Amino acid sequence: MIKNYFELEEKQKENVITQLENAQNFWRAISFLLKLLKENSFYEHLGKGQLLLLFDETKFLDSFPVLKGFVSLCDKDEVIAPELFPWIGFVFVFPEYRGNRLSGVLIDYATNAAKKLYPTSNYVYISTDHIGLYEKFGFSYVKEETTVWGEQTRFYKREIIR
């Protein structure tokens with residue numbers, strides 16, 4: 001089951017925040033995502049979009065399903081390129097769920113969501129320092145770019161098939 005964080009009830013959002021707080025040691029970007037959610041600045045920093053959450057409907061924490069992974073689909077990411085959108089970001093699968101191609105499930109879901117949310121866009125973009133990972137999910141390399149933090153990143157695009 002995949003749901004948009006921003007469409008959850010407050011109790012569910014609190015549960016997701018707790019799960020993310022418990023997972024901060026897995027990936028440094030989780031701390032940044034938490035900051036955006038707690039300060040209600042997600043849209044301010046990333047523009048319109050969604051934070052898509054993949055839940056395990058067989059495991060529960062305080063009567064809410066446990067997160068398997070998540071991905072964002074937004075106007076912006078860490079590359080300053082306002083003419084390019086939407087961006088897939090925060091692609092993460094919790095360690096116990098890895099090896100099941102769930103990143104692909106999340107990316108495919110976000111790409112399909114882009115059809116409705118971004119009807120004039122022909123591509124989704126992703127920024128990463130990984131080489132060879134996102135090519136497996138249909139992305140092609142565009143170029144290397146400097147991020148808003150002054151670091152080098154590679155960015156890729158994937159066609160939105162309508």
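All residue numbers in this chain count up from 1 along the given sequence. Quick caveat: nothing in here was measured; it's all calculated off a predicted structure.
Glu78 contributes atom CD, which lies 10.5 Å from atom CD1 of Ile80 (distance to the nearest 0.5 angstrom). The CZ atom of Arg154 sits 9.0 Å away from the OG1 atom of Thr128 when rounded to the nearest 0.5 Å. Atom OH of Tyr123 sits about 12.5 Å away from atom CZ of Phe139, to the nearest 0.5 Å. With rounding to the nearest 0.5 Å, the separation of CD in Glu145 from CG in Asp77 is 12.0 Å. Put simply, CH2 on Trp87 and SG on Cys74 are 12.0 Å apart, with the number rounded to the nearest 0.5 Å. A distance of 4.5 Å separates CG of Leu84 from OH of Tyr125, quoted to the nearest 0.5 Å.
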**Request:** Check the pair Tyr5, Phe42 against ring-ring contact (aromatic ring centres under 6.0 Å, His included), reporting the backbone distance first and the verdict last.
**Result:** CA-CA 11 Å; Tyr5 171 85; Phe42 184 90; 7.9 Å; no
**Message:** Could you go through Ile2 and Val71, starting from their C-alpha distance and side-chain angles, then the distance that decides it, and tell me whether this counts as side chain to side chain contact (heavy atoms under 4.5 Å, CB included)?
**Reply:** CA-CA 10 Å; Ile2 297 177; Val71 65; over 6 Å; no
**Message:** Run the side chain to side chain contact (heavy atoms under 4.5 Å, CB included) test on Lys115 and Asn112 for me, step by step, so that the C-alpha distance in whole Å, both residues' side-chain angles and the decisive distance to 0.1 Å come before the verdict.
**Reply:** CA-CA 5 Å; Lys115 292 176 189 178; Asn112 283 326; 3.1 Å; yes
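Side-chain atoms of Gln152 and Thr146 form a donor-acceptor pair, as typed in the model, at a separation below 3.5 Å. With hydrogens and angles left out, the side-chain atoms of Arg158 and Tyr156 include no donor and acceptor closer than 3.5 Å.
Within the 4.5 Å cutoff, the side chain of Ile126 has heavy atoms near those of the Val91 side chain. Using a 4.5 Å heavy-atom cutoff, the side chains of Ile88 and Leu73 are in contact. Side-chain contact between Leu106 and Val93: present, with at least one pair of heavy atoms (C-beta onward) separated by less than 4.5 Å. Counting heavy atoms from C-beta outward, Phe94 and Leu102 have side chains that stay 4.5 Å or more apart. At least one side-chain heavy atom of Leu8 sits under 4.5 Å from a side-chain heavy atom of Leu53. With contacts defined as side-chain heavy-atom distances shorter than 4.5 Å, the pair Asp108/Phe137 does not qualify. Taking the side chain as every heavy atom from C-beta outward, Leu37 and Leu51 approach each other to under 4.5 Å. When side chains are defined from C-beta on, Leu61 does not count as touching Leu67, because their heavy atoms never get closer than 4.5 Å.
Gln19 is linked by a side chain to side chain donor-acceptor pair (under 3.5 Å) to Asn15, counting only residues two or more places apart in sequence or in another chain. Shown here are the salt bridge (Lys or Arg N to Asp or Glu O under 4.0 Å) partners of Lys116, two or more places apart in sequence or in another chain: there are none. Taking Tyr118 as the reference, Asp75 meet the side chain to side chain donor-acceptor pair (under 3.5 Å) condition, with sequence neighbours excluded.
Annotation for Gln24 and Ser31: closest pair OE1-OG, 2.9 Å, computed over non-hydrogen atoms. Contact detail for Ala23 and Ile30: the closest heavy-atom pair is O-CD1, 3.4 Å. Taking each heavy atom of Gly47 and Lys76 in turn, the nearest pair found is N-CE, 3.9 Å. Residues Ile160 and Ala114 come closest through the heavy atom pair CD1-CB, 3.8 Å. Summarising the geometry of Lys3 relative to Gln12, their closest heavy-atom pair is NZ-NE2, 4.4 Å, with the distance given to 0.1 Å. Leu117 and Gly49 get closest at one heavy-atom pair: CD2-CA, 4.0 Å.
Among residue pairs with one or both ends in residues 34-49, those qualifying as salt bridge (Lys or Arg N to Asp or Glu O under 4.0 Å) are Glu21-Lys38, Lys35-Glu39; sequence neighbours excluded. Among pairs with a residue in residues 53-72, those fulfilling side-chain hydrogen bond (donor to acceptor under 3.5 Å, both in side chains) read Asp56-Thr58, Asp56-Tyr97, at least two apart in sequence or across chains. Evaluation of the ring-ring contact (aromatic ring centres under 6.0 Å, His included) test over residues 49-82, restricted to residues two or more places apart or in two chains, returns Phe70-Phe92.
Residue Lys11 places its NZ atom among 12 or fewer non-hydrogen atoms of other residues, nucleotides or ligands, all under 6.0 Å distant. No more than 12 heavy atoms of other residues, nucleotides or ligands shown are found within 6.0 angstrom of CD on Glu9.
A donor-acceptor distance shorter than 3.5 angstrom exists from the side chain of Asn4 to the backbone of Phe6, with no hydrogens or angles considered. Side chain of Ser121 to backbone of Phe85: a donor-acceptor contact under 3.5 angstrom is found.
Met1 and Leu52 fall within the same hydrophobic cluster, defined by Ile, Leu, Val, Met, Phe, Trp and Tyr side-chain heavy atoms under 4.5 Å apart, directly or through other members. Both Leu36 and Trp149 belong to a common hydrophobic cluster when Ile, Leu, Val, Met, Phe, Trp and Tyr are linked at side-chain heavy-atom distances under 4.5 angstrom.
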